[in-house]
Structure formats: structure tokens, C-alpha cells
Amino acid sequence: MEKDEINRSYEKLLHGNKKWAAEKLQKDPNYFKGLSLGQNPEYLWIGCSDSRVPANEITGTKSGEIFVHRNIANVVVHTDMNLLSVLYYAVEVLHVKHVIVCGHYGCGGVILAMSNKDNGFANNWLRNIKEVYQKNSKELDAIKDIQARENRLVELNVVEQVHNLAKTKIVQQAWQRRELQLHGWVYGFDDGLIKDMEVMVDEISDLEPIFRYDL
Ligand code: CO
């Protein structure tokens with residue numbers, strides 16, 4: 001490959017970083033020094049990998065305020081070592097007060113899961129959302145408008161993932177000792193606003209008995 005054929009779009013990011021760092025230092029010469037001292041975030045954000053849903057930007061928060069985990073369609077899978085490690089660290093070490101699952105309308109992962117398309121390796125991941133569909137198929141099948149049905153599955157997926165959080169020992173153990181609030185939110189591109197699904201899972205008794213651990 002000729003050198004001039006190499007795509008250099010990545011340079012935009014490095015230039016952007018230089019400009020951003022200079023601006024930060026201009027406003028506050030101690031900005032990075034302050035960040036280097038450590039983090040004390042109050043929130044863990046479990047969101048979609050979608051490039052249009054950046055946690056800090058859409059919540060008007062700064063570096064250091066939100067601990068973030070993102071995956072396709074913001075799914076909480078009980079065998080996902082990555083998510084469980086993030087959750088454990090956030091709850092046990094950082095002592096976050098809130099864990100937020102934030103989905104978004106128009107989520108590609110949810111839309112694909114609703115179809116019969118073969119998505120290769122991603123089938124295994126999207127399978128989790130198919131299960132959410134099946135669990136709520138009566139309600140979803142009754143929605144004739146396809147986009148409205150997708151939107152509702154986005155909402156139901158968030159609610160299900162909040163319940164999946166509550167089914168972990170990590171969350172149940174935290175509940176024994178202190179308050180830890182779980183939230184299910186959905187972000188929309190039409191107005192840029194977040195809808196609170198008001199998922200009421202605040203204590204172990206909110207779970208079906210089979211999921212409660214003797215701790
Ligand atoms: Co998405």
C-alpha cells in the first residue's frame with residue numbers, strides 16, 4: 001500500500017486531544033493534576049456501545065463523575081466477567097450510590113434481535129434480548145407499528161437488565177449493608193431527553209424468591 005493511500009482519519013482524534021488538553025489547562029492549570037489524584041464517582045453507567053450515546057456528554061457531567069461500562073444493547077449477563085468485574089469494582093471499591101442501565105430508542109442491537117437475521121458471532125449476544133422479547137411476547141406482538149414495538153422492546157430490555165443486576169450477589173450484598181439504587185433509563189434522539197422507566201427494584205424482597213441469596 002502506498003503511503004498516501006493510508007487513511008489518516010485517526011489524526012483528527014490526536015489533534016482534537018491536543019486542542020482539548022490545551023483548553024482545559026487554560027481554564028484550570030491544575031485540571032489534570034486534580035484528576036491524577038484519584039476518582040470518586042457516585043454513579044456506575046451501563047450503557048450501549050452506540051457512538052451516539054456518550055454517558056458524560058448526554059448527562060452534562062465531567063471526567064471523574066461516572067464509572068462507565070458499555071456493550072451492545074446495554075445487557076447485564078450473569079456470565080460476563082467484564083461487566084461483573086466493573087460492577088464489583090464500582091460497588092465494593094468505589095462505593096457508587098447509583099447503578100444506571102441506560103438504553104436508547106433506535107438501538108441497532110435491539111432491532112437486530114427482533115429480526116430473524118443471522119448476525120454471525122453477535123447472535124450469541126443478541127440472544128439475551130430475544131429472551132426478553134419472548135418473555136414479553138404477548139404485549140409486544142400486540143403492537144402493530146414496528147417502530148413502536150422496537151421502542152417498547154428497548155424499554156422492556158432496560159427493565160429486564162435492572163432485574164438482572166439485582167440478581168447478582170454483588171448488588172444483594174451491597175443492599176444488606178447500605179443503600180444502592182438501581183435505575184433503568186432510556187435515551188431518545190428525537191428530543192435528547194432521558195426517560196426514567198421507574199423500575200422499582202430496591203431491595204431483595206422485590207425479587208422472585210428463587211433469585212434471593214442467603215447472605
Ligand atoms: Co444501542
Side-chain angles (χ1 to χ4, degrees), residues 7-77 80-110 125 154 157-158 161-162 164-166 168 170-171 173-175 177-199:
N7 183 311
R8 296 196 175 277
S9 66
Y10 66 91
E11 287 181 347
K12 178 186 159 183
L13 307 187
L14 298 172
H15 290 142
N17 168 254
K18 275 203 185 84
K19 190 166 168 263
W20 172 81
E23 282 167 6
K24 286 286 173 195
L25 284 175
Q26 199 179 22
K27 272 189 208 148
D28 176 7
N30 290 314
Y31 181 74
F32 295 109
K33 207 174 169 188
L35 287 179
S36 75
L37 297 177
Q39 60 170 335
N40 189 22
E42 262 187 51
Y43 320 96
L44 166 61
W45 175 279
I46 298 171
C48 184
S49 296
D50 194 301
S51 59
R52 300 165 294 178
V53 195
N56 283 118
E57 203 174 322
I58 67 170
T59 56
T61 47
K62 300 191 282 278
S63 296
E65 288 194 82
I66 308 185
F67 201 61
V68 174
H69 176 86
R70 289 167 72 177
N71 61 43
I72 293 174
N74 40 270
V75 180
V76 175
V77 180
D80 180 355
M81 296 304 289
N82 186 351
L83 177 129
L84 292 172
S85 302
V86 169
L87 178 64
Y88 180 83
Y89 191 79
V91 172
E92 289 295 320
V93 181
L94 297 173
H95 304 294
V96 297
K97 297 187 174 78
H98 304 271
V99 182
I100 299 152
V101 177
C102 187
H104 65 102
Y105 296 116
C107 183
V110 171
W125 190 254
V154 163
N157 181 46
V158 160
Q161 304 315 326
V162 172
N164 283 344
L165 280 174
T168 64
I170 299 166
V171 167
Q173 207 162 35
W175 275 344
R177 295 190 305 253
R178 62 187 176 92
E179 206 187 325
L180 177 70
Q181 288 182 39
L182 307 181
H183 308 269
W185 294 354
V186 179
Y187 168 74
F189 299 127
D190 51 348
D191 55 8
L193 296 177
I194 289 169
K195 176 180 174 183
D196 187 346
M197 295 307 296
E198 291 172 16
V199 189

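The structure displayed is predicted, hence computed values, not measured ones.
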Sequence neighbours excluded, the answer for side-chain contact (heavy atoms from CB on, under 4.5 Å) partners of D196 is W185, E198
Q.
Is there a side-chain contact between L94 and P41 in this structure, where contact means two heavy atoms from C-beta onward sitting under 4.5 Å apart?
A. yes
Contacts of K195 meeting side chain to side chain donor-acceptor pair (under 3.5 Å) (sequence neighbours excluded), chain-then-number -> E155
Hits for side chain to side chain donor-acceptor pair (under 3.5 Å) against S85, two or more places apart or cross-chain, chain-then-number order -> none
Sorted by chain and residue number, the ring-ring contact (aromatic ring centres under 6.0 Å, His included) partners of H104 (sequence neighbours excluded) come out as F189
Contacts of R178 meeting side chain to side chain donor-acceptor pair (under 3.5 Å) (sequence neighbours excluded), chain-then-number -> none
Discussion item. Could you tell me if the side chain of K62 sits less than 4.5 Å from the side chain of N56, heavy atoms only?
Written reply: no
Across all chains, not counting sequence neighbours, the side chain to side chain donor-acceptor pair (under 3.5 Å) partners of S36 are none
The residue among L165, V68, I100 that forms side-chain contact (heavy atoms from CB on, under 4.5 Å) with I46 is L165
With sequence neighbours left out, the residues meeting side-chain contact (heavy atoms from CB on, under 4.5 Å) with D190 are none
Distance-only donor-acceptor hits, side chain of residues 12-28, under 3.5 Å, sequence neighbours excluded:
| residue | atom | partner | partner atom | Å |
| --- | --- | --- | --- | --- |
| H15 | ND1 | E11 | O | 3.3 |
| D28 | OD1 | N30 | N | 2.9 |

Sorted by chain and residue number, the ring-ring contact (aromatic ring centres under 6.0 Å, His included) partners of Y105 (sequence neighbours excluded) come out as none
I58 meets the side-chain contact (heavy atoms from CB on, under 4.5 Å) criterion, sequence neighbours left out, with W45, V53, P54, Y187, I194
Residues passing the salt bridge (Lys or Arg N to Asp or Glu O under 4.0 Å) test with E42, sequence neighbours excluded, are none
Residues passing the side-chain contact (heavy atoms from CB on, under 4.5 Å) test with N40, sequence neighbours excluded, are none
